[in-house]
There are 2 protein chains.
Amino acid sequence: MDREQLIDEVLMLLPALMRLVGKPGPVEMGEIARRGIPVDAHISPGHVQILISLSRGPRSVGQLAETVGVSPPAATQLVDKLVEHGMVERRHDHADRRVVLVDYVPGMHEVARRIMEDRRRPIERAINSLTDEEARAFVKGLKLMTEGFGPTASES
Amino acid sequence: MDREQLIDEVLMLLPALMRLVGKPGPVEMGEIARRGIPVDAHISPGHVQILISLSRGPRSVGQLAETVGVSPPAATQLVDKLVEHGMVERRHDHADRRVVLVDYVPGMHEVARRIMEDRRRPIERAINSLTDEEARAFVKGLKLMTEGFGPTASES
DNA sequence: CCATTTCTTTAAGTTACTTATTTAAACGTC
DNA sequence: GACGTTTAAATAAGTAACTTAAAGAAATGG
């Protein structure tokens with residue numbers, strides 16, 4: 001059965017994808033250096049998620065945690081690193097001082113955009129190698145699979 | 001452009017998939033316990049890769065490292081854990097005593113098969129929700145993307 | 001015999017999370 | 001207003017899954 005083979009292929013492919021997806025490429029490292037961010041800065045997929053969320057406006061740490069799908073301390077850590085790299089800053093919400101709002105440091109939008117572009121490139125290439133139908137099926141399958149690994153997917 | 005949206009969707013989806021893909025479901029934990037493997041055993045996607053490779057016969061640690069795509073010490077660790085859980089064992093190759101061959105502990109094939117089945121389930125469900133065309137496109141896209149994140153994919 | 005290479009493991013370190021706990025702020029009830 | 005409870009973020013402590021460097025043993029070739 002062809003499907004059996006496809007399933008086995010995905011099973012072997014997933015860990016490999018996971019290992020590769022977090023590594024920056026040389027183009028990206030060069031770009032980061034040119035923009036004055038420390039050369040050893042590591043922008044992980046989790047960081048990219050944060051940057052994307054913030055491109056829509058300031059967010060509290062709790063909101064970021066929820067959007068990204070991690071615990072609040074994990075969100076704190078992700079933000080810590082971006083603050084360290086001078087890309088984002090924290091400030092308190094006047095309306096409720098418990099809340100920490102995270103926003104881009106002025107002038108860093110463009111840097112973040114470049115970083116996001118670089119991280120998109122392999123995805124872009126993959127999708128641009130597919131027909132419209134194929135691309136939609138690819139993303140559909142990816143969504144279905146992600147949902148399938150999620151907590152609501154278990155059956156008794 | 002529809003493709004832009006698809007690309008952005010994948011960019012946000014990947015970290016979420018990565019976080020979810022390593023977590024065992026409750027069915028799997030129950031099965032593991034029933035088979036006499038410690039209840040806290042965590043069988044990661046990397047372990048699954050090892051189990052799949054070994055289902056084709058004994059392998060040296062170096063071969064496993066290569067097949068799975070990790071460093072030799074990482075393969076050592078993966079094997080360590082499976083040995084700990086009583087699923088595989090090490091023995092030296094008579095022809096070259098430097099080489100450590102890894103093989104299933106007698107009677108553990110079936111346990112491993114069950115574990116692999118459980119790990120396959122979300123993938124199976126996703127693929128079975130797609131038409132034949134869609135399923136092929138999904139795996140094609142996944143492969144292309146994985147290659148795109150790999151070391152040979154960078155361009156000057 | 002000896003220098004070099006190969007194979008695996010150990011050692012040391014990093015990253016990306018998690019849960020538990022702490023601190024400060026806000027809320028609701030009396 | 002006082003006080004108990006809840007909320008938000010950060011800190012503390014720990015785990016898993018890697019990496020590179022180095023060590024130890026075995027094999028190879030001159």
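In the text below, chain A, chain B and the rest are named by the order of the sequence lines, each starting its count at 1. All values reported here derive from a predicted model rather than from experimental measurement. Computation of the quantities below employed the complete heavy-atom set of this structure, encompassing side-chain atoms and omitting hydrogens, waters and symmetry-equivalent molecules.
- The side chain of A:Val100 sits closest to D:dA10 out of C:dT9, D:dA10, D:dA27.
- The base of C:dT6 sits within donor-acceptor range of the side chain of B:Arg98, with an N or O pair under 3.5 Å.
- For A:Ala74, taking side-chain heavy atoms from C-beta onward, the closest of the listed nucleotides D:dA27, C:dA20, C:dC17 is C:dC17.
- C:dT6 atom P lies 17 Å from atom CG of B:Asp93, rounded to whole Å.
- Rounded to whole Å, atom P of D:dA17 lies 12 Å from atom CD of B:Glu84.
- Of the candidate nucleotides C:dA11, D:dA17, D:dA8, D:dA17 has the atom lying nearest to any side-chain atom of B:His42.
- For the segment residues 76-83 of chain A, residues with any heavy atom less than 4.0 angstrom from an atom of DNA chain C are, sorted by number, A:Gln77.
- Proximity note for B:Ser60 (side chain, C-beta onward) versus C:dT18, C:dT8, C:dT15: the nearest is C:dT8.
- Taking hydrophobic clusters as Ile, Leu, Val, Met, Phe, Trp and Tyr residues chained together by side-chain heavy-atom distances below 4.5 Å, A:Ile127 shares a cluster with A:Leu20.
- Among the nucleotides D:dA27, C:dC7, C:dT18, the one closest to the side chain of A:Val70 is C:dT18.
- Nucleotide C:dT8 holds its C1' atom 16 Å from the CZ atom of B:Arg91, rounded to whole Å.
- A:Leu54 is connected to B:Met12 through a chain of hydrophobic side-chain contacts under 4.5 Å among Ile, Leu, Val, Met, Phe, Trp and Tyr, so both are in one cluster.
- Look at CE on B:Met18: it is 12 Å from P on D:dC18, rounded to the nearest Å.
- Here the P atom of nucleotide C:dC7 and the CG atom of B:Asp96 are 7 Å apart, to the nearest Å.
- In this structure, B:Pro72 reaches the bases: a heavy-atom distance under 4.0 Å links it to at least one base atom across the strands shown.
- Considering every non-hydrogen atom in both B:Ser129 and A:Leu144, the closest pair reads CB-CD1, 3.7 Å.
- Residue B:His47 has its side chain nearest to D:dA17 when only C:dA16, C:dC17, D:dA17 are considered.
- For the OP1/OP2 pair of D:dT19 and a distance below 4.0 Å, the side-chain nitrogens and oxygens of B:Ser71 include at least one atom meeting the criterion.
- Each of B:Val79 and B:Val99 belongs to its own hydrophobic cluster when Ile, Leu, Val, Met, Phe, Trp and Tyr are linked at side-chain heavy-atom distances under 4.5 angstrom.
- Regarding contacts with the backbone of D:dC18, a side-chain N or O of A:Arg19 is found under 4.0 angstrom from either OP1 or OP2.
- Rounded to whole angstrom, the span from the CZ atom of A:Arg97 across to the C1' atom of D:dA8 amounts to 13 Å.
- Between A:Asp93 and A:Arg98 there is no salt bridge, since no side-chain N of the basic residue sits under 4.0 Å from a carboxylate O of the acidic one.
- Taking atom CG of B:Leu101 as the reference point, atom P of D:dA26 lies 16 Å away to the nearest angstrom.
- In this structure, A:His94 places its NE2 atom 17 Å from C1' of D:dA8, rounding to the nearest Å.
- Remark: A:Ser44 is in phosphate contact with C:dA16, judged by side-chain N or O atoms under 4.0 Å from OP1 or OP2.
- Applying the side chain to side chain donor-acceptor pair (under 3.5 Å) rule to A:Glu9 yields the partners B:Lys143; only residues at least two apart in sequence or on another chain are considered.
- Put simply, B:Val83 and B:Leu101 are part of two different groups of oily side chains (I, L, V, M, F, W, Y) that touch within less than 4.5 Å, one to the next.
- Hydrophobic clustering, with ILVMFWY side chains joined whenever heavy atoms are under 4.5 angstrom apart, groups A:Val21 together with A:Leu13.
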